[in-house]
Amino acid sequence: MTLRIYNTLKRKKELFEPVEDGRVRMYVCGPTVYDSCHIGHARSVVTFDVIARYLKAKGFDVTYVRNFTDVDDKIINRANQLGIDPLTLAEKYISEFHDDMEALHVEKATIEPRATEHIDGIIKVIEMLIEKGFAYNINGDVYYSVEKFEGYGKLSGRRMEDMEAGARVDIDKRKHNPFDFALWKSSKPGEPTWDSPWGKGRPGWHIECSAMSAEYLGETFDIHGGGKDLIFPHHENEIAQSEAAFGKTFVRYWIHNGFVNINQEKMSKSLGNFIVLKEMIKHYHPEALRLFLLSKHYRSPVDFTDKAMNEAVSGLDKIYGLLERIEKQFGPVSGKDKTRNTTAFQGQFCLAMDDDFNTALGIAALFETVRNMNRLLDELQKRAHSPQLQNKNSFSQDAEDKVRSGRADILKMGAILGILNESPEDYFAKKRSTGLEKKSIDSEMIDKMIKERIEARKAKNWARADQIRDQLDEMNIIIEDRPEGTIWKVKA
RNA sequence: GGCGGCAUAGCCAAGUGGUAAGGCAGCGGUCUGCAAAACCGCUAUUCACCAGUUCGAAUCUGGUUGCCGCCUCCA
C-alpha cells in the first residue's frame, strides 16, 4: 500500500512520504470569489476532494486548507460595475460556492481561510522578504524581486532568459524586472484598504497563499494543489515568496489538475461557452458530473459534452440499479454489512488509487463489481425457479453473503469517489419526478395506466397491455416488468 | 519565439518492457406473453506514421505528422 504521486516539480511520479508520519498537510488554491462557479472549478474541487477522502481512508490525519481569495482586482472591478462593496460581493460568492459544493457532495475542507482575515500574517511575510532583500518598496507598492531568488522558474520549468524573449508582460518601468510581481498594492480611491508599514493598501494575489499556508500547515508541508494554469505564475511565485522568507523547502508534492473543455473548445468567458455549475446540476445529477469528471485521469484534459454526460448518467443508473436490486432482495445496509470484507475495494480499487489517484481505473473496478453482483443475483433467481436443483439453501446463503460484501465494496468505492450518497429509492424517485417536471406529465395518470396494464396482463390481454405500454412510450415513459413488480422510468 | 502535454476500437477511456481494463453505443443469444432491465458472446493480431534498441515495445530512443495547453486574469 504505497502511494505514488505525480509531482509537477519533479515531472515524475514519486513515492509519497509525508513530513510527519501518519499526517498529511495539504493546501489547495480555492476560487477568487467574483463570479459563480463553473465546471472547471468543479473539476479542481472534486479532484482534491477525492484525494483528501482517499488519504483519510488510508488512515492519514489530513489537514486540508482551501482558501478564498476575497480581495483582488477582479472582485473590485466587478463590485464597482455593480456599485456594491467588494467585500459584500465576495461574501455573496463565498456563500454560493458553499451551496454549489454541498450539492456536489464535496466534503468541507478542514480550514477555509480568507485573504482579508490574514492581513497581519501577510504583512509579516512581506516584511521578512524586504528585510532579507527579496522585495522592494516603491511609493507604497512592494514588489518581489525575482532575480534575487535563485530557484525562480523551477516549478514551471522556464528560465528567465527564455521568458523574456517573446513574453507579453506589461511594462512597468518602476519594476527592476518585468517579472517582478506585487506583494502589496497601494490603495486607490474606492478600494478596500488596510494599514501597513508602506501605507494604506491591499495584498497582491500570490502572497496570501504563502502567509496562510505557513500559518495553518507550517513552513514546509506535504501537498499543494490547484489547476494547471496556476503553475505559472501563481505557484512559481508562492515558492519564491515562501522559500525566500522562511529559508526552507515550501512544498514536497505539487499536484495540478487538467482543464475542462466544452465540445473540444477551451472554456472561456470570451467564447461564452463556460458552464455555470448551478445551471448544469439542474440538468444532470451532481453525482453524474462527479462520475464523468473522475472517469478520466485528473491530469488529462476532459471534454464536456452532453453525450459524455449522458454516458455518465447511464453508468450511474446502472450502479444505483444494482443497489436497488440488492435492497429489494436483502434489505438496506445493516450494521454488520459495514464491517464486511471488501476485497475489491482493498485490492483493485486501492491499487488504482495508490498509483497517482487513478480514478478511471478505480471506476473500472467498481463496474466490474457491479457486473459480478448482477451475475450472482441472476444465478440466484435462476435457481429459485428450478426446483430440481440441490443445495439451493446453502447456495443462496453463500450468495447473499457475497452480494452483501459486494455492496459494501461498491459503497466504499463510492464513498471515495463521493457518489452513491443517496438511497436507490430516493435516487430513482427523484429522477422520475424531475423527468416528469421537464416533460410536464402527471404521475397519477401514469400510475392509473400502469394499474390498468397490470390487470390486462393478469387477464392475458396482451394486446391491451401492449397498447398501454405504447401510449406510455409516447409520453416518454419506459416500463420494466421486474420479478418484484412493474416500475417505470422517464426517458432521458 | 520559449516551455510542456497528448495521439489506444464507432465514441469515451485505463494501461511506461511480457503479449490490449472498464464504460457508452451496436449486433447475436439467455430471460420475458412480447419488451425493458440484467447476464453471456461478438466488435483493436493491434495502440498516428517511420526507423532503432531488445528474446520481447502501446510502453524505451531518434525522426515525421496532427491536435492541445501555458508563457496575460483564469480551476
Side-chain angles (χ1 to χ4, degrees), chain A residues 8 11-13 28-32 34-35 37-48 72-74 77 153 156-159 161-170 179 205 225-234 236 256-261 264-269 274 291-292 295-297 299-303 305 307-308 310-315 317-318 321-322 324-325 348 352 355 358-368 370-379 381-382 385 457 460-463 465-466 469-470 473 478-483 486-489:
Chain A
T8 308
R11 273 159 268 269
K12 62 177 186 207
K13 287 184 198 169
V28 176
C29 289
T32 300
Y34 73 106
D35 204 351
C37 287
H38 55 243
I39 56 179
H41 293 106
R43 182 174 199 199
S44 179
V45 174
V46 166
T47 296
F48 291 101
D72 164 272
D73 291 346
K74 291 193 294 290
N77 291 341
S156 53
R158 52 194 87 209
R159 292 163 303 173
E161 311 88 76
D162 293 341
M163 290 195 291
E164 286 174 59
R168 293 172 279 171
V169 185
D170 62 317
F179 287 95
W205 173 34
K228 263 194 163 77
D229 53 319
L230 297 180
I231 295 171
F232 190 90
H234 185 52
E236 195 71 64
H256 292 98
N257 66 274
F259 280 158
V260 178
N261 293 140
Q264 298 182 52
E265 256 182 345
K266 187 191 151 133
M267 180 166 61
S268 75
K269 304 237 161 180
F274 65 100
L291 191 63
F292 161 72
S295 63
K296 287 96 190 163
H297 188 93
R299 277 187 279 121
S300 313
V302 306
D303 191 28
T305 60
K307 182 171 177 285
N310 285 326
E311 285 179 12
V313 170
S314 301
D317 280 354
K318 187 181 191 139
L322 170 73
E324 184 182 47
R325 199 178 171 194
Q348 268 179 290
D355 185 11
N358 192 336
T359 51
L361 191 56
I363 287 168
L366 197 165
F367 277 112
E368 264 176 88
V370 169
R371 184 153 40 86
N372 288 337
M373 293 309 113
N374 267 319
R375 191 188 294 148
L376 210 55
L377 291 169
D378 282 357
E379 179 69 11
Q381 227 165 58
K382 224 180 267 175
H385 289 291
R457 292 185 71 217
K460 299 203 190 261
N461 184 355
W462 308 128
D466 291 350
R469 185 169 59 197
D470 290 345
D473 189 73
I478 301 170
I479 295 288
E480 285 182 31
D481 296 322
R482 299 195 182 174
T486 299
I487 65 134
W488 58 271
K489 289 178 175 174

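Here is how names work: the chains are called A, B, and so on, in the same order as the sequence lines, proteins then strands, and each is numbered from 1.
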Residues A:Lys307 and A:Glu311 bridged, charged N to O under 4.0 Å:
yes
Taking the basic N atoms (NZ, or NE/NH1/NH2) and the acidic carboxylate oxygens, is any pair closer than 4.0 Å for A:Asp466 and A:Arg469?
yes
Go ahead and name the base partner of [N]; Watson-Crick or wobble counts if both distances stay under 3.5 Å, otherwise write none.
| N | result |
| --- | --- |
| B:A13 | none |
| B:G1 | B:C71 |
| B:G33 | none |
| B:A20 | none |
| B:G26 | B:C42 |
| B:C49 | B:G63 |

Please confirm whether the backbone N or O of A:Asn358 pairs with a side-chain atom of A:Asp355, one donor and one acceptor, at under 3.5 Å?
no
Flag, side chain of A:Ser314 to backbone of A:Asn310, donor-acceptor distance under 3.5 Å:
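Checking the backbone N and O of A:Asn310 against the side chain of A:Ser314, a donor-acceptor pair under 3.5 Å is found.
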Please give the distance between the [atom1] atoms of [N] and [M] as a whole number of Å.
| N | M | atom1 | result |
| --- | --- | --- | --- |
| B:C74 | B:C60 | P | 34 Å |
| B:A75 | B:G41 | C1' | 44 Å |
| B:G52 | B:C40 | C1' | 44 Å |
| B:G4 | B:G63 | P | 13 Å |
| B:U30 | B:G69 | C1' | 49 Å |

Tell me: [atom1] of [X] to [atom2] of [N], nearest whole Å?
| X | N | atom1 | atom2 | result |
| --- | --- | --- | --- | --- |
| A:Trp205 | B:A75 | CH2 | C1' | 10 Å |
| A:Gln381 | B:U30 | CD | P | 17 Å |
| A:Arg43 | B:C74 | CZ | P | 19 Å |
| A:Lys307 | B:A25 | NZ | P | 10 Å |
| A:Ile363 | B:C24 | CD1 | C1' | 14 Å |
| A:Phe232 | B:G5 | CZ | P | 18 Å |
| A:Arg375 | B:C40 | CZ | C1' | 9 Å |
| A:Arg371 | B:C40 | CZ | P | 5 Å |

Nearest to the side chain of [X], heavy atoms from C-beta on, is which of [options]?
| X | options | value |
| --- | --- | --- |
| A:Glu368 | B:G33, B:C24, B:A21 | B:A21 |
| A:Arg158 | B:A37, B:C71, B:A75 | B:C71 |
| A:Ala360 | B:A13, B:G69, B:C74 | B:A13 |
| A:Ser300 | B:C74, B:C34, B:A14 | B:A14 |
| A:Glu480 | B:A36, B:A38, B:A75 | B:A36 |
| A:Glu311 | B:A14, B:C73, B:G23 | B:G23 |
| A:Lys318 | B:A36, B:A75, B:A38 | B:A38 |
| A:Arg457 | B:C34, B:A38, B:C70 | B:C34 |
| A:Asp466 | B:C74, B:U72, B:C34 | B:C34 |
| A:Phe367 | B:A38, B:A75, B:G23 | B:G23 |

Please figure out whether A:Lys13 or A:Pro233 has its closest RNA chain B nucleotide nearer the 5' end.
A:Lys13
For A:Lys489 and A:Ser44, take the nucleotide of RNA chain B holding the closest heavy atom to each; which residue's nucleotide lies nearer the 5' end?
A:Lys489
Rounding to 0.5 Å, atoms CG (A:Asn257) and NE2 (A:His297) come to a distance of 10.0 Å
Would you give the length of the straight line joining atom CZ of A:Phe292 to atom OG1 of A:Thr305, rounded to the nearest 0.5 angstrom?
6.5 Å
Check: B:C12 base within 3.5 Å donor-acceptor of A:Asn310 side chain
no
Hey, does the side-chain of A:Arg482 have a donor or acceptor N/O within less than 3.5 Å of a partner on the base of B:A37?
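Result: no qualifying N/O pair found.
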Can you say whether the rings of A:His234 and A:Trp205 are parallel (under 30°), tilted (30 to 60°) or perpendicular (over 60°)?
parallel
Please classify the nucleic acid contact of A:Gly30 as base, sugar-phosphate, or nothing, using heavy-atom distances under 4.0 Å.
nothing
Note, A:Leu376 side chain near A:Asn372 side chain (heavy atom, < 4.5 Å):
no
Just N and O in the side chain of A:Asn358: are any of them under 4.0 Å from OP1 or OP2 of B:A14?
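So the side-chain polar atoms of A:Asn358 never come under 4.0 Å of the phosphate oxygens OP1 or OP2 of B:A14.
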